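Side chains are part of it too, since the values below use all heavy atoms of this structure and drop only hydrogens, waters and symmetry mates. The structure displayed is predicted, hence computed values, not measured ones. Whatever order the structure lists ligands and atoms in, that order sets their numbers, starting from 1. The first residue of the sequence shown is numbered 1, and numbering continues consecutively from there.
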Amino acid sequence: MRTQVAIIGSGPAGLLLGQLLYKAGIDNIVLDRVSKDHILGRIRAGVLEEGTAWLLDKAGVGERLQRENLPHDGFDLVFDDEVHRIDLYNLTGGKRVHVYGQTELTQDLMEAREAESLKTFYEADNVRPHDFDGTSPYVTFEKDGVSQRIDCDFIAGCDGFHGVSRKVVPEGAMQTFEKVYPFGWLGLLADVPPVHEELIYANHSRGFALCSMRSLTRSRYYVQCPLTEKVEDWTADRFWDELRRRLPDKTAQQVTTGPALEMSIAPLRSVVSEPLRFGRLFLAGDAAHIVPPTGAKGLNLAASDVHYLFEALREHYLDSSDAGLDTYSKKALHRIWNAERFSWWMTSVMHRFPDMSIFDRRIQQAEFYQLTHSKAASTALAENYVGLPF
Ligand code: FAS
Ligand code: PHB
């Protein structure tokens, strides 16, 4: 088989890149090691920046998003039961975020790919990039026990944090920067109406809690938990009790409870790999970086990586210029590090760290004071939350 761009990973990054390349007339093949159902069964992000929504529209998959998304002009911060709304819209001169689940946008991208009968291999085993340091890279894999090879011009490693693309980079060619947080997020998805029309981020003595949603009838909640927690030790009832204990009484009384559609624990870490280009292999999305979900940046960073990589590949094929390819890593890393900083900062301000001192706690309270009394401080938060420019 031969294509122009071989894309490893059928998550948001790989599918969005494949769709943009297709719309530009650039041939591509997408490979994933698991099934479509497995990918759609993963409950992940919920908040899209306007840049991400714009890119999905540009890729021709924005129709359901435009129809079904919930535009949000702000969110609540809660510290020791004191509630303060961050007015995103007015602090950023009219920008907002859009609540639309990653599962939905992944489904939209999969359906668009299927409608155009674009070549996609799910449950592809032992996917492996080769010869990307030369001019004739290729990817091998097995499908139903039969060995396959895809000759290509470029390989896009969109295979997430546990993917193969980062693993095949030669020893010493890549630097990885990592910070692991001493807690995780226990998440619950339920078909109950959200407790509030906007998101609520709460810093409570028992730990962080987040009230989010997927629609007006489906809610997504998280509570910070120790890394030793096992999801099988949690029932929905135990989760609801813990969540309500971390919210102001008035809010807690308004929580609608119900059976869990899904419960899972996600560890929190900050990771950046540098650089993002190795000859004709390019990393994008979680394959290149991980952020703690506190700032709702993970999926949105994958989108900006894809924007830069798509523009670079378009320039190569349609303008015979490699300037974009040569600057992809530097350009993407600039936005990545700014999102990493914001995600680290928001995680540091909103969570109770096991080893935090009374000094650390007073600093968190001072941060909250800044955010509730300084327009400059709340504007900086709002500008980062709605997303820095591409
Ligand atoms: P993905 O991980 O989504 O996709 C990578 C794909 O590559 C997968 O389908 C995988 O099967 C495939 N793959 C891996 N190895 C392969 C191989 N060797 N061969 C072939 N295919 C391979 N972000 C937020 O903004 N908010 C959140 O609340 C949030 N919650 C999250 C919870 C969890 C548990 C995780 C892991 C992440 C969460 N994220 C969240 C971040 C998440 O949304 C990612 O940013 C987003 O999925 C990134 O998309 P991709 O880069 O496409 O990576
Ligand atoms: C979610 O709805 O899953 C979500 C929303 C905001 C975040 C993290 C997760 O910061």
J.: Can you tell me if Gln364 uses its side chain to pair, donor with acceptor, with the backbone of Ser348 under 3.5 Å?
T.: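 Yes; judged by distance alone, with no hydrogens or angles, the pair exists.
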
J.: What's the separation between atom CG in Leu20 and atom CD in Glu311, rounded to the nearest 0.5 Å?
T.: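 The CD atom of Glu311 is 8.0 Å from CG of Leu20, to the nearest 0.5 Å.
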
J.: Considering only the protein, which heavy-atom contact is closest to atom 27 (C) of ligand 1, and what is its distance?
T.: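 Nearest protein contact, heavy atoms only, for atom 27 (C) of ligand 1 is Ala45 CA, 3.5 Å.
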
J.: Angle class for the Trp337/Phe177 ring planes (parallel below 30°, perpendicular above 60°, tilted otherwise)?
T.: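 Trp337 vs Phe177 ring planes: perpendicular.
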
J.: Students should be able to answer this: which protein heavy-atom is nearest to atom 7 (O) of ligand 1, and at what distance?
T.: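 Checked against all protein heavy atoms, atom 7 (O) of ligand 1 sits closest to Asp159 CA, 3.2 Å.
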
J.: Identify the protein heavy atom lying closest to atom 21 (N) of ligand 1, giving its residue, its atom name and the separation to 0.1 Å.
T.: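 For atom 21 (N) of ligand 1, the nearest protein heavy atom is Arg33 N, 3.2 Å.
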
J.: Ignoring hydrogens and angles, tell me if any N or O in the side chain of Arg246 forms a donor-acceptor pair with the backbone of Arg206 under 3.5 Å.
T.: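 Confirmed, Arg246 side chain pairs with Arg206 backbone.
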
J.: Enumerate the protein residues lying less than 4.0 Å from ligand 2, judged by heavy-atom distances, in chain and residue-number order.
T.: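 Heavy-atom contacts below 4.0 Å: Arg44, Gly46, Val47, Trp185, Leu199, Tyr201, Leu210, Ser212, Arg214, Arg220, Tyr222, Pro293, Thr294, Ala296.
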
J.: Considering non-hydrogen atoms of the protein only, which is the closest contact for atom 5 (C) of ligand 1, and what is the distance?
T.: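 Result for atom 5 (C) of ligand 1: Cys158 O, 3.5 Å.
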
J.: For ligand 1, is any non-hydrogen atom under 4.0 Å from Val291's backbone (N, CA, C, O), its side chain (CB onward), both, or neither?
T.: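 It is neither part, as no heavy atom is under 4.0 Å.
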
J.: What is the closest protein heavy atom to atom 34 (C) of ligand 1, and at what distance does it sit?
T.: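 Closest protein heavy atom to atom 34 (C) of ligand 1: Ala266 CB, 3.7 Å.
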
J.: Indicate yes or no for a side-chain donor-acceptor contact from Asn203 to the backbone of Phe79 under 3.5 Å, with no hydrogens or angles considered.
T.: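 Checking the backbone N and O of Phe79 against the side chain of Asn203, no donor-acceptor pair under 3.5 Å is found.
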
J.: Is the backbone of Gly11 close enough, under 3.5 Å, to the side chain of Arg42 for a donor and an acceptor to pair up by distance?
T.: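 No.
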
J.: Taking the ring centre of each residue, are Phe278 and Phe132 less than 6.0 Å apart?
T.: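 No, too far apart.
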
J.: Is there at least one pair of N or O atoms, one from Pro293 and one from ligand 1, spaced under 3.5 Å apart?
T.: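 Between Pro293 and ligand 1 (N or O atoms, distance only) the closest approach is not under 3.5 Å.
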
J.: Examine distances only and state if a side-chain atom of Asp360 and a backbone atom of Ser357 form a donor-acceptor pair shorter than 3.5 Å.
T.: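 Checked: pair present.
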
J.: Can you tell which part of Arg42 has a heavy atom less than 4.0 Å from ligand 1: side chain, backbone, both or neither?
T.: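 Side chain only; the backbone of Arg42 stays clear of ligand 1.
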
J.: I'd like a table of donor-acceptor pairs (distance under 3.5 Å, sequence neighbours excluded) in which one partner is a side-chain atom from residues 27-38, with atom names and distances.
T.:
{"unit_1": "Asp27", "atom_1": "OD2", "unit_2": "Thr3", "atom_2": "OG1", "d": "2.5"}
{"unit_1": "Asn28", "atom_1": "OD1", "unit_2": "Arg113", "atom_2": "NH1", "d": "3.0"}
{"unit_1": "Asn28", "atom_1": "OD1", "unit_2": "Arg113", "atom_2": "NH2", "d": "2.9"}
{"unit_1": "Asn28", "atom_1": "ND2", "unit_2": "Gly18", "atom_2": "O", "d": "3.1"}
{"unit_1": "Asn28", "atom_1": "ND2", "unit_2": "Ile26", "atom_2": "O", "d": "3.3"}
{"unit_1": "Asp32", "atom_1": "OD1", "unit_2": "Val34", "atom_2": "N", "d": "3.1"}
{"unit_1": "Asp32", "atom_1": "OD2", "unit_2": "Ser10", "atom_2": "N", "d": "2.6"}
{"unit_1": "Ser35", "atom_1": "OG", "unit_2": "His38", "atom_2": "N", "d": "3.0"}
{"unit_1": "Lys36", "atom_1": "NZ", "unit_2": "Glu114", "atom_2": "OE2", "d": "2.1"}

J.: Is the shortest heavy-atom distance from the side chain of Phe368 to the side chain of Val349 under 4.5 Å?
T.: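 The answer is no; the side chains never approach within 4.5 Å.
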
J.: In terms of the angle between their ring planes, are Trp54 and Phe390 parallel, tilted or perpendicular, with boundaries placed at 30° and 60°?
T.: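 The rings of Trp54 and Phe390 stand perpendicular, inter-plane angle above 60°.
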
J.: Can you give me the closest heavy-atom contact between Ala24 and Leu318, atom names plus distance?
T.: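 Closest heavy-atom pair between Ala24 and Leu318: O-CD1, 4.0 Å.
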
J.: Give a yes or no on whether a salt bridge exists between Arg67 and Glu63, defined as a side-chain N under 4.0 angstrom from a carboxylate O.
T.: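 A salt bridge is present here (some side-chain N lies under 4.0 Å from a carboxylate O).
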
J.: For ligand 1 and Pro12, I'd like to know whether there is a polar contact (N/O to N/O, distance under 3.5 Å).
T.: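 Looking only at distances, the answer is yes, because the N/O contact criterion of under 3.5 Å is met.
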
J.: What about Ala13: any of its N or O atoms under 3.5 Å from an N or O on ligand 1?
T.: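 Yes - when backbone and side-chain N and O of Ala13 are compared with those of ligand 1, one distance drops under 3.5 Å.
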
J.: Answer yes or no: does an N/O atom from Ala284 fall short of 3.5 Å to an N/O atom of ligand 1?
T.: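 Between Ala284 and ligand 1 (N or O atoms, distance only) the closest approach is not under 3.5 Å.
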
J.: Decide whether an N or O pair under 3.5 Å exists between Trp185 and ligand 1.
T.: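 Such a contact does not occur with ligand 1.
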
J.: Tabulate below the donor-acceptor pairs under 3.5 Å that side-chain atoms of residues 179-189 make, not counting sequence neighbours, or state none.
T.:
{"unit_1": "Tyr181", "atom_1": "OH", "unit_2": "Ser270", "atom_2": "OG", "d": "2.6"}
{"unit_1": "Trp185", "atom_1": "NE1", "unit_2": "His351", "atom_2": "NE2", "d": "2.9"}

J.: For atom 28 (O) of ligand 1, what is the closest protein heavy atom, and at what distance to 0.1 Å?
T.: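 Answer, as residue, atom name and distance: Tyr222 OH, 3.4 Å.
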
J.: Could you give the side-chain donor-acceptor pairs of residues 151-171 under 3.5 Å, partners two or more places apart or in another chain?
T.:
{"unit_1": "Asp151", "atom_1": "OD1", "unit_2": "Arg149", "atom_2": "NE", "d": "3.0"}
{"unit_1": "Asp151", "atom_1": "OD1", "unit_2": "Arg149", "atom_2": "NH2", "d": "2.8"}
{"unit_1": "Asp151", "atom_1": "OD2", "unit_2": "Arg149", "atom_2": "NE", "d": "3.2"}
{"unit_1": "Asp153", "atom_1": "OD1", "unit_2": "Arg2", "atom_2": "NH2", "d": "2.4"}
{"unit_1": "Asp153", "atom_1": "OD2", "unit_2": "Tyr317", "atom_2": "OH", "d": "2.6"}
{"unit_1": "Asp159", "atom_1": "OD1", "unit_2": "Ser165", "atom_2": "OG", "d": "3.1"}
{"unit_1": "Asp159", "atom_1": "OD2", "unit_2": "Val164", "atom_2": "N", "d": "2.8"}
{"unit_1": "Asp159", "atom_1": "OD2", "unit_2": "Ser165", "atom_2": "N", "d": "2.8"}
{"unit_1": "Asp159", "atom_1": "OD2", "unit_2": "Ser165", "atom_2": "OG", "d": "2.9"}
{"unit_1": "Arg166", "atom_1": "NH1", "unit_2": "Ala287", "atom_2": "O", "d": "2.8"}
{"unit_1": "Arg166", "atom_1": "NH2", "unit_2": "Phe161", "atom_2": "O", "d": "3.0"}
{"unit_1": "Lys167", "atom_1": "NZ", "unit_2": "His162", "atom_2": "O", "d": "3.0"}
{"unit_1": "Lys167", "atom_1": "NZ", "unit_2": "Gly163", "atom_2": "O", "d": "3.1"}

J.: I'd like to know if Ala124 contacts ligand 1, where contact means a heavy-atom distance under 4.0 Å to any ligand atom.
T.: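 Outside the 4.0 Å threshold, so no.
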
J.: Relative to the heavy atoms of Lys297, which atoms of ligand 1 are at a distance of less than 4.0 Å?
T.: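 Listed by number with element, the hits are 25 (O).
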
J.: Out of Ile7, Thr294, Asp286, who gets a non-hydrogen atom closest to atom 51 (O) of ligand 1?
T.: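 It is Asp286 whose heavy atom sits nearest to atom 51 (O) of ligand 1.
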
J.: Can you tell me the protein heavy atom closest to atom 42 (C) of ligand 1 and the distance?
T.: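 Closest protein heavy atom to atom 42 (C) of ligand 1: Gln102 OE1, 3.7 Å.
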
J.: Select one of side chain, backbone, both or neither to describe which atoms of Ile39 lie under 4.0 Å from any atom of ligand 1, heavy atoms only.
T.: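 Side chain only.
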
J.: What do you reckon, does Arg44 have a nitrogen or oxygen under 3.5 Å from a nitrogen or oxygen of ligand 1?
T.: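 Yes - when backbone and side-chain N and O of Arg44 are compared with those of ligand 1, one distance drops under 3.5 Å.
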
J.: Check ligand 1 against Gly298 and write out every atom of the ligand that is under 4.0 Å from a heavy-atom position of the residue.
T.: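 Atoms satisfying the 4.0 Å criterion: 23 (N), 25 (O), 45 (O).
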
J.: Identify the closest protein heavy atom to atom 4 (O) of ligand 1: which residue and atom is it, and at what distance?
T.: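 The answer is Gly11 CA, 3.6 Å.
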
J.: Does atom CZ of Arg128 have more than 12 heavy-atom neighbours from other groups under 6.0 Å away?
T.: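 Check fails, neighbour count at 12 or below.
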
